[in-house]
Asker: 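My questions all concern the structure below.
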Amino acid sequence: MHSSSSSSFFSILLLLLALASMSLATPAARPPIRNYPGGKFCLTDSDVQTIVSGFIDMLENTQDDFNVTLAQTLLADDFSDYSDSINYLKRTPLGAVSFATRQDFIDGQGAQPPFPSVRTLTLFHTCDSIAWRWQGDYAPLWIRGINIFLVNDQKQIQTVFVELNSGAFLKDVGKPECDASIAYYN
Ligand SMILES: *[C@@H]1O[C@H](CO)[C@@H](O)[C@H](O)[C@H]1NC(C)=O
């Protein structure tokens, strides 16, 4: 009895050790790197830096400083941008395309007040998609968001899926009723 329970204890210990070493060997879950259909190309880390830096440029430099040449280089001819956060801010229906074309993005994003400073919190990619988590250092509240970029074989952004903290955004642009004191969670 004693020996059987100590041997099953030992088996469980070995199992736990095996599981622990597996979890050490396996990095945190990431989307698998996949080849572009047809194996045409794969984004490099440096391509991804260029794309994300260009996108940050279009958030930080707007109105008279908006770089239309950059937008036309970075965004595909068949560009579209989906965001219920932006639809809410624009008072357009949820689920609608937020910017249906590259020109819509240039007209809409280009006219916004500049984001004070946008920095990367998390960035990783596959051959044709980029996941980017970011923080805009607005005041009094920072704004965090997550973008998914789908990239074409010209290494241009074809589709953006983005959600961001539209409550903090409204508070920052002068809507005090959007203060977080209106708590939902207790
Ligand atoms: C605008 O973007 C283009 C293309 O990336 C670049 O060559 C140019 O230097 C940029 N202009 C400014 C003022 O940053």
Side-chain angles (χ1 to χ4, degrees), residues 30-90 92 96-166 168-174:
R30 295 271 163 91
I33 301 292
R34 63 190 168 88
N35 290 320
Y36 191 73
K40 272 192 243 163
F41 86 104
C42 192
L43 291 170
T44 65
D45 291 353
S46 152
D47 294 331
V48 169
Q49 285 298 338
T50 303
I51 291 168
V52 170
S53 305
F55 203 83
I56 291 174
D57 188 309
M58 295 191 296
L59 300 177
E60 290 179 344
N61 302 297
T62 59
Q63 299 170 343
D64 288 348
D65 295 329
F66 190 76
N67 188 337
V68 175
T69 309
L70 174 64
Q72 285 167 343
T73 309
L74 192 65
L75 309 179
D77 288 346
D78 56 350
F79 174 84
S80 54
D81 187 325
Y82 296 85
S83 170
D84 274 354
S85 313
I86 292 172
N87 288 337
Y88 184 81
L89 296 171
K90 291 171 70 191
T92 52
V97 59
S98 307
F99 299 112
T101 65
R102 178 168 66 194
Q103 192 59 46
D104 277 1
F105 182 88
I106 292 169
D107 295 343
Q109 175 53 33
Q112 289 307 302
F115 264 66
S117 150
V118 178
R119 57 202 170 89
T120 295
L121 301 178
T122 310
L123 181 60
F124 53 84
H125 66 94
T126 69
C127 282
D128 62 355
S129 65
I130 300 171
W132 177 51
R133 181 167 177 261
W134 51 269
Q135 176 170 320
D137 289 323
Y138 248 102
L141 301 177
W142 72 44
I143 295 168
R144 286 180 172 179
I146 298 176
N147 285 41
I148 305 291
F149 298 115
L150 306 184
V151 177
N152 70 12
D153 60 7
Q154 308 298 305
K155 300 184 177 177
Q156 294 174 306
I157 300 172
Q158 191 169 29
T159 309
V160 179
F161 301 112
V162 49
E163 299 301 344
L164 54 93
N165 187 343
S166 39
F169 184 88
L170 287 171
K171 162 99 176 167
D172 287 336
V173 298

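Whatever order the structure lists ligands and atoms in, that order sets their numbers, starting from 1. None of these values were measured; they are calculated from a predicted model. Only heavy atoms go into these numbers, but all of them, side chains included; no hydrogens, no water, no symmetry mates.
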Asker: Are a donor atom and an acceptor atom from the side chains of Gln103 and Asp107 found within less than 3.5 Å of each other?
Answerer: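 Side-chain D/A pair, Gln103 to Asp107: present.
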
Asker: Less than 4.5 Å apart, any side-chain heavy atom of Asp81 and any of Gln109?
Answerer: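 SC-SC contact between Asp81 and Gln109 ruled out.
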
Asker: As a quick check of understanding, evaluate side-chain contact (heavy atoms from CB on, under 4.5 Å) for Gln156 and Asp77, giving each step before the final call.
Answerer: CA-CA 9 Å; Gln156 294 174 306; Asp77 288 346; 5.6 Å; no

Asker: Is there a side-chain contact between Phe161 and Leu150 in this structure, where contact means two heavy atoms from C-beta onward sitting under 4.5 Å apart?
Answerer: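 Phe161 vs Leu150: side chains touch.
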
Asker: On the 0 to 90° scale, with breaks at 30° and 60°, tag the Tyr138-Phe115 ring pair as parallel, tilted or perpendicular.
Answerer: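 Perpendicular.
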
Asker: Could you name the protein residues that come within less than 4.0 Å of ligand 1, counting only heavy atoms, and order them by chain and residue number?
Answerer: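 Within the 4.0 Å shell of ligand 1, which is judged on heavy atoms, sit Asn67, Leu70.
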
Asker: Quick one: does Asn61's side chain get under 4.5 Å of Asn67's, heavy atoms only?
Answerer: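 Side chain of Asn61 against side chain of Asn67, heavy atoms only: no contact under 4.5 Å found.
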
